[in-house]
Every structure is written in structure tokens, then in C-alpha cells.
Amino acid sequence: MNNFNDIIDKIKQVNGDIIITSHVNPDGDAIGSGLALTLALKNLGKNVRFVLQDNYPSNIKFLEKIDLVEVYNADENYTPKLVICVDSATAERVGETKMLFKDNFVINIDHHISNTLYGDLNYVEEISSTSEVIYKFLKHCNIALTLDIAEALYTGLVNDTGNFSHDNVTYHTFKMASELKRVGANSSKIVREFFNNKPLPAIKLLGKAMFEMKFDEDKKLASHFISYADLLEYNAKKEDTEGIVEKLLAFNEAEVSLFLREDKPGVIKGSMRSKHEVDVNKIASIFGGGGHRKASGFTSTLSADEILKLVLKEM
Ligand code: 5GP
Ligand code: MN
């Protein structure tokens, strides 16, 4: 494992383009940490681009510099001198932008226990969010926190801590939040825009999930599956199901929740959350996924019934 000095030294040495990337279907932490690092390195005078396989979700468009996010174009000839990957536990998680790793120096900055240390330099620390890691990095390097950077980082914190409700929140997380407020981050705006700003299909799908939830009495698993046909019927985007997996876990008898969404015919994205002891990182790993002990995800081509059966067997 490397330290922040190794990383900033490498960044300062580089003459040419730096490309920052992150995982497919980017969430608030992927965008928040990546955008904050992009802005910070630009402020150091670096040529930086933030390139992702998938565009940002619409609940994040309020971020001032969100237009810096570029969607990867397979026809373009990218010639970075350095690639920095944030919030991605494996090289595969970045999807098509993995092409950028080829023949290039890669720095991997992340907070997932399942991280495979795929970079030429790796900094992985199991704290609340990659945004908290980037915050520590910027402080360590004495790089100023501007308002844009602060709001991007705050969004990442809110995403990965469930607005400071998960047990990945520490004294240091609150200290960071406090400093972001001091810089001017508008926390109530961020939470409103990010969580409480859903289009009608999202509201309807949440209601459907609550109403139709399955519960396994024996294993205390609350689950729900949304098929591709449902997404079409409700005219919903993938991002419109964000938050359902947490709401399933709100059931007082549930220990674990499982939310399955058929993103394309035959391809299911799974999300899991755990209230206490059950390690859902381990369960996701049987499908080649990962994440954290209390929040994990995976993608599978098995049917929803088969996935449910395997999850119950593993619990
Ligand atoms: P979510 O269910 O919100 O998509 O993800 C929960 C956690 O699991 C996040 O930390 C996320 O990065 C991780 N995660 C989600 N899907 C995958 C996946 O397919 N592979 C791996 N390795 N991690 C995932
Ligand atoms: Mn994260």
C-alpha cells in the first residue's frame, strides 16, 4: 500500500493529461470524490479530465461544476500520462474506461475492503467514503478547499453515510463535514436535491417495492425484484430505484435487504444492506461483486429466483 506522498509526488511529476475515472452507474461518492479531485488538480495547474462510462444521475446535477463529467467515447484516442481511479474496488468496475488503464500508470484511491489493489499506486482506507479519503488527501497536501470542492465532497459523504446515519460515520467524518460547512457547503440544499427530489416513476416504484416486499421469516431477509418490463412500464430510469434497498431494511423485523433490478433483459443488478452482523460483502462476492460488510452490490445473469435462493442459502 502507498501513502499520500507517493501519490502527490507522482501527480506533480506528470507532464500531460491526467484522466480521473470511477465505476459504472456512478453514485454520489464516485462523482463527489472524482469531481473534487478534478477541481483540486485543476487548481494546481494540471490538465485534468473526469471521464466515466456512464453519465451522472440527475439528482446530482445541482453540483456547480458537474459539466466537467465526460462520458467515455470509444472512438476517441485518449492519451493520458496518468489515470486516477476513485471509488472502484476492481479494475473491471469502471466498465469501458478500463481501456484507459492499458499502458498507462494507474493510481487507485478507494475505501472498499474488497479492493483488489489493481493500481501502480494504491491508497485504500476503509473509512466512510472515497470522498473522505480525498478530503484527507487534499488536507495532507495543503490543497485549498474551494466551495465547489466542498459541495462535491459533502455530496459523497451524504451518499455513502446515508446522510450520516450509517455506522461508517466517525468523529473524523463529522469534523470533515464541519469544515465543509465552514467553507460554505449548503448541506440542506445538497440533501434535498440528492434524496428528496424524486420524479414520479421513482415514487411509484418505491411504493410498489414497499407493498410487494417479500420477507423470509427464517433468515430475516426483505427482498424485492423490479423486472426490465417494470422499468419500461413505469417509464423509469435505473437511478429511479435508488434508495429502495435502504427502505426495505427499515422493516423492523428485517436483518438484511436485497433489491434486484433487471437493467437489461437477463442482466440483474443486485444491492444488499445489512443491519447488524450479516456480512453482505461476502454474500455479494459469490456473484463476483463486493463492497462493504453492511452495503454491497453485484451483477448477475442468473434469474431473480435463483439469486434469491443462493442468497438465502449463504445467510
Ligand atoms: P449499491 O448497492 O448502492 O449499488 O452499492 C453498495 C456498495 O457495493 C457500494 O459500495 C458499491 O461500490 C458496491 N458495489 C455495488 N455493485 C458492485 C459490484 O458489482 N461489484 C463490486 N465490487 N462492488 C459493488
Ligand atoms: Mn463509495
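Computation of the quantities below employed the complete heavy-atom set of this structure, encompassing side-chain atoms and omitting hydrogens, waters and symmetry-equivalent molecules. All figures in this text were calculated on a predicted structure; none of them were measured in a lab. Whatever order the structure lists them in is the order used to number ligands and atoms, beginning at 1.
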Which atoms of ligand 1 have any heavy atom of Gly291 under 4.0 Å away?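 Here the atoms of ligand 1 in question are 8 (O), 13 (C), 23 (N).
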
Please identify which atoms of ligand 1 are closer than 4.0 Å to at least one heavy atom of Ala295.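 Listed by number with element, the hits are 7 (C), 8 (O).
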
Which one of [options] has a non-hydrogen atom at the shortest distance from [atom]?
atom: atom 15 (C) of ligand 1; options: Arg261, Lys269, His23, Met272; answer: Lys269
atom: atom 6 (C) of ligand 1; options: Lys294, Arg273, Glu246; answer: Arg273
atom: atom 13 (C) of ligand 1; options: Ala30, Gly28, Gly290; answer: Gly290
atom: atom 12 (O) of ligand 1; options: His292, His111, His112; answer: His112

Short N/O distance, under 3.5 Å, between Gly297 and ligand 1?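 Yes - when backbone and side-chain N and O of Gly297 are compared with those of ligand 1, one distance drops under 3.5 Å.
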
Could you say whether the N/O atoms of Ser271 and ligand 1 ever approach to under 3.5 Å?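 Yes, at least one N or O pair falls under 3.5 Å.
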
Could you tell me if [Y] and [X] have a donor-acceptor pair between their side chains, going purely by distance under 3.5 Å?
X: Ser303; Y: Glu306; result: yes
X: Asp29; Y: Asn159; result: no
X: Ser58; Y: Glu239; result: yes

Just list the side-chain donor-acceptor pairs under 3.5 Å for residues 61-68, sequence neighbours left out, or say none.
from: Lys65; atom 1: NZ; to: Asp148; atom 2: OD2; distance (Å): 2.5

Hey, does the side chain of Glu262 reach the backbone of Ser227 with a donor-acceptor pair shorter than 3.5 angstrom?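 Flag not set: sc Glu262 to bb Ser227 has no pair under 3.5 Å.
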
Val124 to His112 - nearest heavy-atom pair and separation: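 Heavy-atom minimum between the residues: CG1-O, 3.6 Å.
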
Protein N/O/S atoms under 2.8 Å of the Mn ion (ligand 2)?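 Near the Mn ion (ligand 2), below 2.8 Å, one finds Asp29 OD2, Asp87 OD1, His111 NE2, Asp160 OD2.
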
Aromatic plane relationship, Phe164 with Phe174 - under 30° parallel, 30 to 60° tilted, over 60° perpendicular: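 Because their plane-to-plane angle is under 30°, the rings of Phe174 and Phe164 count as parallel.
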
